[in-house]
Structures are given as structure tokens and as C-alpha cells.
Amino acid sequence: MSADQSVTVEVGLGDRTYDILIGSGLLSRAGAEISRRLPGTRAAVITDANVAAAHLDALKAGLETGGIQPAVITLPPGEKTKSFAHLEEAVDGVLAARLERGDIVIAFGGGVIGDLAGFAAGIVRRGMNFVQIPTSLLAQVDSSVGGKTGINSARGKNLVGVFHQPKLVLADTEVLDTLPIREFRAGYAELAKYGLIDRPTFFTWLEENWVRVFAGGPERAQAIAEACRAKADVVARDEFETGDRALLNLGHTFGHALEAATQYDGTRLVHGEGVAVGMALAHRFSSRLNLASPDDASRVEAHLRAVGLPWRMADIPGDLPDAEALLSFIAQDKKVSRGALTFILTRGIGQAFIAKDVPASEVLSFLKENHPGEQESRPGQQKMRPGQQKSRPR
């Protein structure tokens, strides 16, 4: 798909409606697309060192064609960048560039940079214009769309942030060719999520076409566009997550707890992998509660395993905190309301729903059943041999 064949998905939010452009070669059009919507503005690009090395020159050239000479703020890569310290660095960089409220902050990176740069744009000068140019599959299909921004706290993931919608999202599929396979797989988990929420035919399509999605070409762009349409539909109905936007958190309550439990160590678990394990756990938990068939859980696990994603807690390298500690991370999660545990559960493939007041005792029992350390300590369970390491497919 060439740049002039890009697909446009609209996020309908009244006078704040914006476009998601999806296609190859969009970096070269970045300046023209931004200037058409926000003429005469200056910009700061917030990126990370890895993305800057691979793609910053191409983006700067594309911006210059639209008359934009950006200030560049380069942060370290990785989930730990979503911190108060790096937020302050980003804010200071925008202020040092002497940008005004009507100017633009451009997030150029994966989900970490998109979340942090969007938060910076939302608070500098009480809110600046914001453009997302996501460079990972996860960011293109999920975190760049919908206006959620934020950073992590030692007490949990994404607990500090604001809703701040972008003016434009440019999803250049060509930049995905440079992604490490692990990062592409992590993003694929979010693709699969949309099928599991309420698009069962999309999940079936992914089961049949995932190899082509990984290979690139029209199937990749088709999958990204379908995911963006799914998210845009939900965001238009429920921008601030007071209702069914919470469905987009399928797998995230378990996943966020596991990320916090690994201290956001990307060598052990990145966000999309946490979502993959979380989705498998959500389907298995739904089966345990007699809400869904165990065959559906097995089908989800089989697909995640086929594409090389972790799908169980035992696939996470290293030791995890015990089940009680994991439950405490879940209780801290922002999807908790007045102390009641809220999960996205399912009645089958593509039949997710919001389950409130889930008993903590049921969650704890389930975590113990699925925790590798708890399993190893039970009578009759085979323990891991000394020196034996857990592994997961790559």
C-alpha cells in the first residue's frame, strides 16, 4: 500500500473529531498532513533513542516539507521511562523550545512515548495540541487512539495521567518493518483483543491470516485498520471510560498486575505480553466461573501460543510474587471502583462484558491455581529442578 493509498479512520468526537491515517510512507507526508490541519504551528518531537536512531531523520524531512522545523526531545527507551522524572524532562524540553499553547507536541514512538508525550501535551500551558505518530504495532492499534495518556507509579501502571485527545494520528505501516519480532508480537496481542471483545469474525480472520499480518503487505494494513475502527467506535461512544470503553481493558487487569509484579522490567515482560497472559487468564477465569466454555479458553491460548506469545504466568521469566501479592496489585488497579474488583470477563469468543463486584476470594483462589510457584509447592506437583529455567516462545 503506497502513501497515496492510505486508509482514513475517523474518531468521531464532535468538534474534536480527528483522523487516523494508516498506510506506508506516511512519515514523508507528516508535515503536509499536520500543516493542513494546524497551519503555521511550531512543534516539539518527543521520541526515544531507539526510534530516533531508526526513523528520526525521515520524520524531520517529512516535517520540513510542511514548513515545520521541530525541536527534538529524546528519552531513554523502555517502560521505566513512564516516570515523573522523564515527564519533567519532556515538559522542560517543550518549555525550553518556547512553544506556545497553540503549537504541537508530536509523540514519535511506541506506547511508552505516546502515553508520556500525550500527558506532557495535556499539562504544559494547560493543554497543547498533540499529534501521535506511533512506531510500534501496539501503539498503532491501541495506545495512540483515544486520548488516554499517563505515567506509572510504584503503586501501579498508568495511575497518573489525563485524557487528552490528539489532533491527528499517522500510522506508517512501513516503520513496523524495523520492529524486533518480540515487539511486533506484543502489539499483536492488542490486535487479537479486538476480536475477543466483540468481533469474533475478526478473531477467526486473525487465526487464518496471522502469518500474513506478520509478513506485512495488505493483510497487515487491513488488520490495523480494523483494530482502529473498533477502538474509534468505542471511544466515540464512551470517551472517558464511564461505560463500555472499559471493555478495551480485556486482559489488562491481570496484565497490569503482572507488569507491576515484575517492576516494569521489559527484559521479563513488556506490556503486550502482559495483555496476552491477561487475556488468557480472563478467558480461563470466565470458564472457572462457569460463564464460558473451557474450549474458548483453550482456543485463545492456542492462538497466543501459535504466534509465539506468552499465555500463562509460567511463561514469565523469573520468580513472581505470591498470589496474595498479585491480588494486592489487582486491588490497586485503576479499574477498581470503591474497593470492588472489576474485571472484563467473557461468555465466549467475542462476548466480553464488564463484571463488577467480583469476589476477591474467587480471584485469589484462581491466582493460586495458575501461579507457577503455588503449583510447585502443592503435594504431588513436580517441582522445577535446580538450575532449570522457565522459558517462553520467542
Side-chain angles (χ1 to χ4, degrees), residues 11 13-18 20 34 37-38 40-49 51-52 63 68 70-135 138-139 142-170 231 235 238-242 245 248-249 256 260 264 271 332-335:
V11 182
L13 293 171
D15 59 0
R16 293 174 297 114
T17 292
Y18 58 92
I20 309 165
I34 292 171
R37 293 164 174 82
L38 299 163
T41 53
R42 296 180 299 150
V45 172
I46 300 178
T47 188
D48 70 40
V51 173
L63 292 172
I68 299 172
V72 178
I73 301 156
T74 304
L75 302 176
E79 187 72 27
K80 291 186 177 181
T81 297
K82 285 176 61 170
S83 66
F84 281 102
H86 290 298
L87 175 67
E88 182 178 10
E89 185 178 349
V91 167
D92 186 65
V94 173
L95 293 173
R98 298 186 179 276
L99 296 185
E100 300 174 359
R101 188 178 188 187
D103 291 328
I104 310 165
V105 173
I106 298 173
F108 186 47
V112 167
I113 289 296
D115 284 0
L116 183 141
F119 189 15
I123 60 177
V124 173
R125 303 194 186 281
R126 297 187 176 89
M128 293 180 60
N129 292 323
F130 174 42
V131 171
Q132 283 269 21
I133 306 182
T135 60
L138 186 149
D142 187 68
S143 59
S144 67
V145 180
K148 278 189 177 181
T149 74
I151 58 173
N152 301 329
S153 160
R155 298 185 182 276
K157 186 177 172 69
N158 295 335
L159 293 179
V160 183
V162 297
F163 284 92
H164 189 53
Q165 296 290 347
K167 297 292 185 180
L168 174 68
V169 179
L170 296 175
K231 183 155 190 181
V235 171
D238 181 21
E239 180 179 1
F240 299 109
E241 198 173 313
T242 59
R245 182 169 177 171
L248 297 174
N249 294 317
H256 284 172
Y264 308 110
H271 175 65
Q332 181 62 51
D333 192 84
K334 63 186 183 303
K335 291 128 194 116

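R42 contributes no side-chain N or O that, together with a main-chain N or O of A71, makes up a donor-acceptor pair within less than 3.5 Å. Between the side chain of H164 and the main chain of M128, a donor-acceptor pair closer than 3.5 Å is present. Looking at Y264, its side chain never comes within 3.5 Å of a backbone N or O of A154 through a donor-acceptor pair. Judged purely by atom type and a 3.5 angstrom limit, D103 uses its side chain to pair as donor or acceptor with the backbone of E100.
Counting heavy atoms from C-beta outward, Y18 and V145 have side chains that approach closer than 4.5 Å. Looking at L99 and V124, their side chains never come closer than 4.5 Å, going by heavy atoms from C-beta outward. Residues F119 and V160 meet the side-chain proximity criterion, which asks for heavy atoms closer than 4.5 Å. Side-chain contact between V51 and I113 is absent, with no heavy atoms from C-beta onward closer than 4.5 Å.
Taking CG of L248 as the start and CD of E241 as the end, the distance is 7.5 Å to the nearest 0.5 Å. F108 CZ to T74 OG1: the interatomic distance, rounded to the nearest 0.5 Å, is 10.5 Å. Rounding to the nearest 0.5 Å gives a distance of 10.0 Å between CG of N152 and CG of L116. Here NZ of K167 is found 5.0 Å from CG of N129. Values are rounded to the nearest 0.5 Å. Considering CZ of R101 and OG1 of T41, their distance stands at 15.0 Å, rounded to 0.5 Å.
Across all their heavy atoms, V162 and G122 have their closest contact at CG2-CA, 4.3 Å. In plain terms, the two heavy atoms of G114 and A107 that are nearest each other are CA-CB, 3.8 Å. When all heavy atoms of V45 and P70 are compared, the closest pair comes out as CG2-CB, 3.7 Å. Between A139 and G110 the shortest heavy-atom distance is CB-C, 3.8 Å. The nearest pair of heavy atoms linking P134 to V169 is CD-CG1, 4.0 Å. Between E239 and F163 the shortest heavy-atom distance is O-CE2, 3.4 Å.
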Using the rule given for side-chain contact (heavy atoms from CB on, under 4.5 Å), can you reason through F130 versus Q132, listing the C-alpha separation, both sets of side-chain angles and the distance that settles it, and then say yes or no? CA-CA 7 Å; F130 174 42; Q132 283 269 21; 3.4 Å; yes
side-chain contact (heavy atoms from CB on, under 4.5 Å) for R245 and K231? Distances and angles first, verdict last. CA-CA 9 Å; R245 182 169 177 171; K231 183 155 190 181; 4.2 Å; yes
Passes side-chain contact (heavy atoms from CB on, under 4.5 Å), V112 versus H271? Steps please. CA-CA 10 Å; V112 167; H271 175 65; over 6 Å; no
I104 and L38: CA distance, side-chain angles, deciding distance, side-chain contact (heavy atoms from CB on, under 4.5 Å) verdict: CA-CA 9 Å; I104 310 165; L38 299 163; 3.8 Å; yes
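Applying the ring-ring contact (aromatic ring centres under 6.0 Å, His included) criterion to F84, with sequence neighbours excluded, gives no partner residue.
Screening Q332, E79, H256 for a side chain to side chain donor-acceptor pair (under 3.5 Å) involving K157 leaves a single residue, E79. For the side-chain contact (heavy atoms from CB on, under 4.5 Å) criterion with L75, the lone passing option out of I46, L87, T47 is I46.
Side chains of N158 and K82: a donor-acceptor N/O pair is present below 3.5 angstrom, by distance only.
Within 6.0 Å of the CZ atom in R37, the count of heavy atoms belonging to other residues, nucleotides or ligands exceeds 12.
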